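As structure tokens, the structure follows; a few thoughts come after it.
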Amino acid sequence: MDIDAIKQGLLQRVNESESPREILKAPEFRDMYSKITSLPKEERGAFGRQVNEVKQAVEQAIEARESELESVAQAPIDVTAPFDVNTGRPLLLPTDQGSTHPLMQEIETVSGIFNRMGFVVEESREIDDQFHMFESLNFPKGHPARDDYDTFMTIQKDKDGEPFIAPAHTSTMQNRVLQKYAANLEVGEPIAAVVPDRVFRNEDLDARHEHTFYQVEGVYVNKGVNVGNLVATLQRFLEEYYGRKLNVRVNPFYFPFTEPSFEFALECPFCEDGCSVCSDSKWIELLGCGMIHPNVLKAANIDPAVYTGFAFGCGIDRLVMMKYGIEDVRHFESGKLSFLRQF
Ligand code: DAH
């Protein structure tokens, strides 16, 4: 029996093991112990001492290996490495290093700005009905503009026999918000609410289009509200959000639920003479808005002869992309840690 070779083999296994103490139960030890009893009496003492030495050396090595394993476990994790250098396993993001998604952070910022301007913040929903998506917004059945809002539908039908839908815009909340706060008008206060939430569209995906994205809807109603109030409110919001004075361009547009309707474009914050973000136009279309159509007020039992109001719907993803120079909207829903860790 080559005691030295056995010792070297055991030590090597200890140094490579994740649970080194198990090696004390190795068959080599059992073989050595049974060899002792099989030896003639006069040789037993010397051989026994050799076996003891092997055991002590292995025990020492086990202790050293155990403290080595412990220090690896406690070492700070290098979050930039995709794999743990010690174990070769892929790194997971520790829960204490998780962070709020950039869109959620920005929704907080957007809501905070409108809140300070006197708007309450309401939530939308992720399944809605055709009445809130279309009829309450002055898109009667068969209206061609319905085709601009192609989204996902359920197989289940509502009480009118229509499928439920994943809302394609936050305007689905207009009727609810108008009804909820209509009592404000009777005491001489405006209806002022924003709804930042998730919306869905059946889109061909590319750098500017996602099937799931966020909008912030705004509704303001009072006596004597006019287009000047609309433009000033949005301009003030955008300057607060981007932290500097910006030029805005207001172009006529068409939405069934506003009259007149406008598209609001922002002077490109990235360039002076045109760049890839603004397709060399120096302007970026950011939101739709307008004076609330009388039929929309009527659907919420508000008298359009007495009250007027404005509404707007702004894409939050685009707002955020322009703030941080993000070139592809698909990053937001990708779950890519390398992207998310930058916020
Ligand atoms: N809902 C529109 C869309 O997603 C955006 C919009 C336009 C909202 C005008 C409004 C509005 O409130 O007044 O295309």
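Just follow the structure's listing: the first ligand is 1, and inside any ligand the first atom is 1. Model, not experiment: these values are computed from the prediction.
- Both tests do not hold together for Lys55 against Phe29: distance to the six-membered ring centre under 6.0 Å, angle to the ring axis within 45°.
- Judged by distance alone, the side chain of Asp328 and the main-chain N or O of Arg208 form no donor-acceptor pair under 3.5 Å.
- Side chains of Glu162 and Asp129 form no contact here, defined as non-hydrogen atoms less than 4.5 Å apart.
- Taking the ring centroids of Tyr220 and Phe310, they lie under the 6.0 Å cut-off.
- Cation-pi contact between Lys323 and Tyr242: absent, since separation from the ring centre below 6.0 Å together with deviation from the ring axis within 45° is not met.
- Contact detail for Val219 and Phe119: the closest heavy-atom pair is O-CE2, 3.8 Å.
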Using a 3.5 Å cut-off on N/O to N/O, what pairs does ligand 1 make with the protein? A line per pair would be great.
| residue | atom | partner | partner atom | Å |
| --- | --- | --- | --- | --- |
| ligand 1 | 1 (N) | His169 | ND1 | 2.8 |
| ligand 1 | 1 (N) | Ser171 | OG | 2.9 |
| ligand 1 | 4 (O) | Arg201 | NH2 | 2.9 |
| ligand 1 | 4 (O) | Gln215 | NE2 | 3.0 |
| ligand 1 | 12 (O) | Gln174 | NE2 | 3.1 |
| ligand 1 | 12 (O) | Glu217 | OE2 | 2.6 |
| ligand 1 | 12 (O) | Phe312 | N | 3.3 |
| ligand 1 | 12 (O) | Phe312 | O | 3.3 |
| ligand 1 | 13 (O) | Ala311 | O | 3.1 |
| ligand 1 | 14 (O) | Tyr149 | OH | 3.3 |

